[in-house]
*Asks:* 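Got a structure here, written out as structure tokens. Questions coming.
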Amino acid sequence: MPKAAAGKRKEVKKRGKKDPNAPKRGLSAYMFFANEQRENVREENPGISFGQVGKILGERWKALNDKQRTPYEAKAAADKKRYEDEKQAYNAEADESS
DNA sequence: ACATTGATTGTTGCC
DNA sequence: GGCAACAATCAATGT
């Protein structure tokens with residue numbers, strides 16, 4: 001199977017950090033989805049800990065149809081666009097051929 | 001060229 | 001302020 005089995009995130013190694021300005025990245029569809037659902041989920045599950053909310057949030061996310069993810073993906077795309085701008089500026093700076 | 005991985009993003013809730 | 005599952009992502013790197 002491709003990739004390694006799910007595990008910790010960003011363990012303890014860093015890829016040498018090659019980017020000088022490190023144009024971070026855009027957010028992901030989940031970020032926007034959580035932004036909207038977090039209220040709804042918590043509303044239907046009042047007083048629950050993040051453990052439940054987080055999981056439910058994820059289940060709800062997949063529970064959506066591609067069409068429902070569209071607005072969230074659109075947000076992610078819009079955010080990516082923003083990141084692209086940084087990336088370009090980063091490229092421009094990297095080049096820096098005045 | 002293809003595959004892989006690493007780095008990042010944001011939510012909540014508590015210390 | 002940071003960490004914990006949850007999911008996406010995607011760009012740069014490696015082979």
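Order of the sequence lines sets the chain letters (A, B, ...), proteins ahead of strands, with each chain counted from 1.
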*Asks:* Output the rounded distance in Å from OH (A/Y90) to P (C/dC10).
*Replies:*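 One finds 17 Å between P of C/dC10 and OH of A/Y90, rounded.
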
*Asks:* Go through the structure and list residues passing side chain to side chain donor-acceptor pair (under 3.5 Å) with A/R69, not counting sequence neighbours.
*Replies:*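 Partners of A/R69 by the side chain to side chain donor-acceptor pair (under 3.5 Å) criterion, ordered by chain and then number, come out as A/E73.
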
*Asks:* Under 4.0 Å between a side-chain N/O of A/K55 and OP1 or OP2 of C/dA5, yes or no?
*Replies:*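 Answer is no, no contact under 4.0 Å.
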
*Asks:* Pick base, sugar-phosphate or nothing for A/Y83, based on heavy-atom distances below 4.0 Å to the nucleic acid.
*Replies:*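 The answer is sugar-phosphate, as A/Y83 gets under 4.0 Å only of primed atoms, P, OP1 or OP2.
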
*Asks:* In whole angstrom, what separates A/K75's NZ from C/dA7's P?
*Replies:*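 Going from NZ in A/K75 over to P in C/dA7 covers 22 Å.
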
*Asks:* For nucleotides 10-12 of chain B, give me every protein contact, N/O to N/O, under 3.5 Å, one pair per line with atom names.
*Replies:*
unit_1: B/dT12; atom_1: O3'; unit_2: A/R42; atom_2: NE; d: 3.3

*Asks:* Roughly, in whole Å, what's the span from CD in A/Q37 to C1' in C/dA8?
*Replies:*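 Value for this atom pair: 16 Å.
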
*Asks:* For A/R25 and C/dT13, what is the distance between atoms CZ and P respectively, to the nearest whole Å?
*Replies:*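 Going from CZ in A/R25 over to P in C/dT13 covers 16 Å.
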
*Asks:* Please identify each residue that fulfils side chain to side chain contact (heavy atoms under 4.5 Å, CB included) with A/K87, with sequence neighbours left out.
*Replies:*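 Partners of A/K87 by the side chain to side chain contact (heavy atoms under 4.5 Å, CB included) criterion, ordered by chain and then number, come out as A/Y83, A/E84, A/Y90, A/N91.
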
*Asks:* Nearest to the side chain of A/K87, heavy atoms from C-beta on, is which of C/dA11, C/dA5, C/dT9?
*Replies:*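 Minimum distance to the A/K87 side chain belongs to C/dA11.
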
*Asks:* Using whole Å, what does the distance between atom P of nucleotide B/dG13 and atom CD of A/E39 come to?
*Replies:*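 One finds 12 Å between P of B/dG13 and CD of A/E39, rounded.
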
*Asks:* Enumerate donor-acceptor pairs with a distance under 3.5 Å from any side-chain N or O in residues 45-67 of chain A to protein atoms, sequence neighbours excluded.
*Replies:*
unit_1: A/N45; atom_1: ND2; unit_2: A/V41; atom_2: O; d: 2.8
unit_1: A/N65; atom_1: ND2; unit_2: A/Q68; atom_2: OE1; d: 2.6

*Asks:* Expressed as a whole number of angstroms, how long is the span from A/Q52:CD to C/dC6:P?
*Replies:*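 Taking CD of A/Q52 and P of C/dC6, I get 10 Å after rounding.
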
*Asks:* Indicate yes or no for a side-chain donor-acceptor contact from A/R38 to the backbone of A/N35 under 3.5 Å, with no hydrogens or angles considered.
*Replies:*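 Yes, the answer is positive, given that a donor and an acceptor are paired below the 3.5 Å cut-off.
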
*Asks:* Looking only at heavy atoms, what is the nearest atom pair of A/A76 and A/A29, with distance?
*Replies:*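 In this case the closest contact between A/A76 and A/A29 is CB-N, 3.4 Å.
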
*Asks:* Tell me every residue that passes side chain to side chain contact (heavy atoms under 4.5 Å, CB included) with A/R82, counting only those two or more places apart in sequence or in another chain.
*Replies:*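 Per chain and number, A/R82 pairs via side chain to side chain contact (heavy atoms under 4.5 Å, CB included) with A/D85, A/E86.
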
*Asks:* Without decimals, in angstroms, what is the distance between A/E59 CD and C/dC6 P?
*Replies:*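 Rounding to the nearest Å, CD of A/E59 and P of C/dC6 are 8 Å apart.
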
*Asks:* Figure out the CD1/P separation between A/I56 and C/dA7, and round it to whole Å.
*Replies:*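 Those two atoms, CD1 and P, are 13 Å apart.
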
*Asks:* For C/dC6, take OP1 and OP2 only and decide whether either is under 4.0 Å from a side-chain N or O of A/W61.
*Replies:*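 Looking at the OP1 and OP2 atoms of C/dC6, neither is under 4.0 Å from any side-chain N or O of A/W61.
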
*Asks:* If you round to the nearest 0.5 Å, how far is CD of A/E36 from OH of A/Y72?
*Replies:*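 If I round to the nearest 0.5 Å, the distance is 5.5 Å.
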
